Number of protein chains: 2
Amino acid sequence: MSQGRPTLADVASAAGVSVSTASLAFSGAGPIATETRAKVHEAAQRLGYAGPNPLGRSLRSGRSGIVGVVIGDQLRRSFRDPVSVQVLDGLVSTLGPLGLGVLLIPALDPDRDPTESAELDPLLASAPMDVAVLIWGARREDATLEALQRRGVPVVIGEGPEIEGAAVVGIADQQGTADLARYLTGLGHTRIATVTLPLCHPRQTGIPTPDRLARLDWAPARHRLQGLADAGVEPTVIVEASASLVEDGRAAGHLVLDVPEPPTAVIAQSDLLAAGVLLAARELGLRVPEDVSVAGFDGLDLPWLSPDVLTTVAQPLSAKGEAIGHAVAQVLAGEVPPPVRLDVELRVGTTTGPPRT
Amino acid sequence: MSQGRPTLADVASAAGVSVSTASLAFSGAGPIATETRAKVHEAAQRLGYAGPNPLGRSLRSGRSGIVGVVIGDQLRRSFRDPVSVQVLDGLVSTLGPLGLGVLLIPALDPDRDPTESAELDPLLASAPMDVAVLIWGARREDATLEALQRRGVPVVIGEGPEIEGAAVVGIADQQGTADLARYLTGLGHTRIATVTLPLCHPRQTGIPTPDRLARLDWAPARHRLQGLADAGVEPTVIVEASASLVEDGRAAGHLVLDVPEPPTAVIAQSDLLAAGVLLAARELGLRVPEDVSVAGFDGLDLPWLSPDVLTTVAQPLSAKGEAIGHAVAQVLAGEVPPPVRLDVELRVGTTTGPPRT
DNA sequence: GACCGGCCTCGAAACGATTCGAGCGTTCCC
DNA sequence: GGGAACGCTCGAATCGTTTCGAGGCCGGTC
């Protein structure tokens, strides 16, 4: 068959061996004479055969070598956040050497009318993958998660709730936030506000209603709020940001600081939000940390804040990605990965100090 | 066969129809009675069958529905740059509705010793994909590109050289840079320096040697340098940054500005580099734009520069991603996409002004 | 000289789906 | 009333590979 690209059968017949032998020559599994292997490779070279077709291989082995990573509806929103990017980086660099590729999968739109199926079935339901990763903030009742379980795709969750049959890689964010809060109260702060990550679906910006607070089901926000409570801090005001972006932090910062009696410290649940609060403070003519202390969470490297250095709780982002990758490998090996919780570290910068008396 | 997950055959026999009919019930191609379809779906539901196995489907149809996107050795480096992210976002949102997924593929390490194959064959050589996308700065002699061509994978290139058999989506960056340069000379600047993107492999930081300048084979850097020449601007000094990051821009900025007779304007080939130059200027006590004008390229939204607004040449990032996605679709439809060149737009901000006399 | 192992190679059976042409029952038209 | 047209369903072939057990050849041993 000289039509189309050559197949293993073409190579085999060109080399004068059987298909199975040719397969062995490539896969390396099983005994094969050095000479035979050379003959096969030579024939492959001659025909321009670039190795076994992954499709055939996958079908036979039942493995695609693909790990699906679920991203938000908009890639932009997910990846504008350096946190996701660094975690993904750790993940990719762990998976790559294992021969596993990362497929980007848009999450199911939770608001979509299921009856109206304008789009052919979404990637989530039809893309090949051996394991799926929900990198960030899966919720307990999640159309995405459910669709994956229905397909029988094993799931690894980063920083999410503990869910039956899914491996979880988390961080000690509750404790880290508590440490941060104690540090601030230790400095003498009593009026502390907080800017949170999204609390629940759908995302909103502003001061959450009690109803929303009750529906709090996004793990990172929940843990970090809980950390405040652990340290005995009751925020004077809680403002929710709809995404972990500087713009949202700035808006939230105005809400928090542009009031008659502003707090003396603001704890933001992410560094980008904190950076936004910092901008807001600057715009309002407040000095940091003299008039207001600002702290974040993540431990990002933000050179453009220079000369300020943000006080923050640093989490090991790449390590989290690597831990997720490791869990993926375990799942593929048929093991059940134990839950992981990575340590975080309070890192004091120049944006926090004692309150003005 | 109740062992393992159910297959189409199981569903078919449970529904009392043939496999081919069951297939029709799912694919929707071909005539099928509504009642039959319902019967099949009901049986599928009962058995927990979540739709046709993509592996089998792919093998038969010869299509995986996967588009490989080649990223640099380190994901972090690629994605810390908002430019890549926005392009990727445009790409994903175009491809998603077409039922195509994006697989992240680490590029081949050009320095790797080919004899020593510690790693099993890289994803690039073995991952399933219908088309590959080199999103940014492919070079003419590129191990990655070559490996793809050898596999017979069609390639779409973003902002690269025109290469035989590969579709290209570019921008009018040469002209845009020329416009920017003319604007600055029009303001009266004569001593203009430039900070470039990487010029060639391997990446380096600092003032490039003539040898390096001669080997200039990275399209974006080449076009934008050429744009300066088109406008009759000969840079007083050229500094090369090894990546489009604020840190590198800052380092380059010090090299450019911390000299006895600094330029009155600096053109950086990306906004992040420009932001770094801005930081360097600030650190050196130079006022912008009074002491030095700074301009970038890309048109990113950089709220943290506030209250400054960067003068820049804006390129349509999402549109570029969409254009690439469109080209991918054309390739898959068997068409040969014509070369695309998107327009850019000079956007004057507050970081440029007339030089001090 | 016959038998027993090793080492390689081969043939055939999956893997799970799509697709094409044939077949069959019904309806409609002449 | 007979034949054609139509609508739906079915069998069988096919996609390209891996894997398993069988078998062939060779050298060594009793």
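First the proteins, then the strands, lettered A, B, ... as listed; each starts at 1. From a predicted model like this one, the values you see are computed outputs, not experimental measurements.
- Mapping Thr7(A) and Glu35(B) onto DNA chain D by nearest heavy atom places Glu35(B) at the nucleotide closer to the 5' end.
- If you check every strand for non-hydrogen atoms under 4.0 Å, Ser61(A) touches nothing.
- Atom CG of Leu8(B) and atom P of dA17(C) are 5 Å apart (whole Å).
- Between the side chain of Asp130(A) and the backbone N or O of Gly65(A), at least one donor-acceptor pair lies under 3.5 Å.
- The shortest distance between the side-chain N/O atoms of Arg60(B) and the OP1/OP2 oxygens of dT14(D) is not below 4.0 Å.
- Counting to the nearest Å, the C1' atom of dG16(C) and the OH atom of Tyr49(B) are 8 Å from each other.
- If you measure from atom CG of Leu55(B) to atom P of dT18(D), you get 13 Å, rounded to the nearest angstrom.
- Contact of the Thr7(A) side chain with the Asp10(A) side chain is registered, since non-hydrogen atoms from C-beta on lie closer than 4.5 Å.
- You won't find any donor-acceptor pair under 3.5 Å spanning the side chain of Ser18(B) and the base of dG11(D), going by distance alone.
- In this structure, Arg63(B) atom CZ and dG16(D) atom P are separated by 14 Å, rounded to whole Å.
- Pro52(B) comes within 4.0 angstrom of sugar-phosphate atoms only, judged by non-hydrogen atoms across all strands, and of no base.
- Between the CZ atom of Arg5(A) and the C1' atom of dG16(D) there is a distance of 14 Å, given to the nearest Å.
- The separation between Leu59(A) atom CG and dA14(C) atom P is 14 Å, rounded to whole Å.
- Whole-Å rounding puts the Leu24(A) CG to dG16(D) P distance at 20 Å.
- The CZ-P distance, from Arg37(A) to dT9(C), rounds to 10 Å in whole Å.
- With contacts defined as side-chain heavy-atom distances shorter than 4.5 Å, the pair Val102(B)/Leu100(B) does not qualify.
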Under 3.5 Å, sequence neighbours excluded: what are the donor-acceptor pairs made by side chains of residues 20-29 of chain B?
unit_1: Ser20(B); atom_1: OG; unit_2: Ser18(B); atom_2: OG; d: 3.1
unit_1: Thr21(B); atom_1: OG1; unit_2: Ser18(B); atom_2: OG; d: 3.0
unit_1: Ser27(B); atom_1: OG; unit_2: Ser23(B); atom_2: O; d: 3.4
unit_1: Ser27(B); atom_1: OG; unit_2: Ala29(B); atom_2: N; d: 3.2

Please tabulate, one pair per line, all N/O donor-acceptor pairs under 3.5 Å involving side-chain atoms of residues 155-162 of chain A, not counting sequence neighbours.
unit_1: Glu159(A); atom_1: OE1; unit_2: Arg224(A); atom_2: NH2; d: 3.4
unit_1: Glu159(A); atom_1: OE2; unit_2: Lys320(A); atom_2: NZ; d: 2.6

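- For the pair Gly56(B) and Thr21(B), both in contact range of DNA chain C, the more 5′-proximal nearest nucleotide belongs to Gly56(B).
- Across all strands shown, Phe26(A) has no heavy atoms under 4.0 Å from either base or sugar-phosphate atoms.
- Heavy-atom distances to DNA chain D give each of Ile32(B) and Ser20(A) a nearest nucleotide, and the one nearer the 5′ end belongs to Ile32(B).
- Ser23(B) has no side-chain polar atom (N or O) that falls below the 4.0 Å cut-off from OP1 or OP2 of dA17(C).
- Within 4.0 Å of Ser27(B), counting heavy atoms only, lies no atom of the nucleic acid at all.
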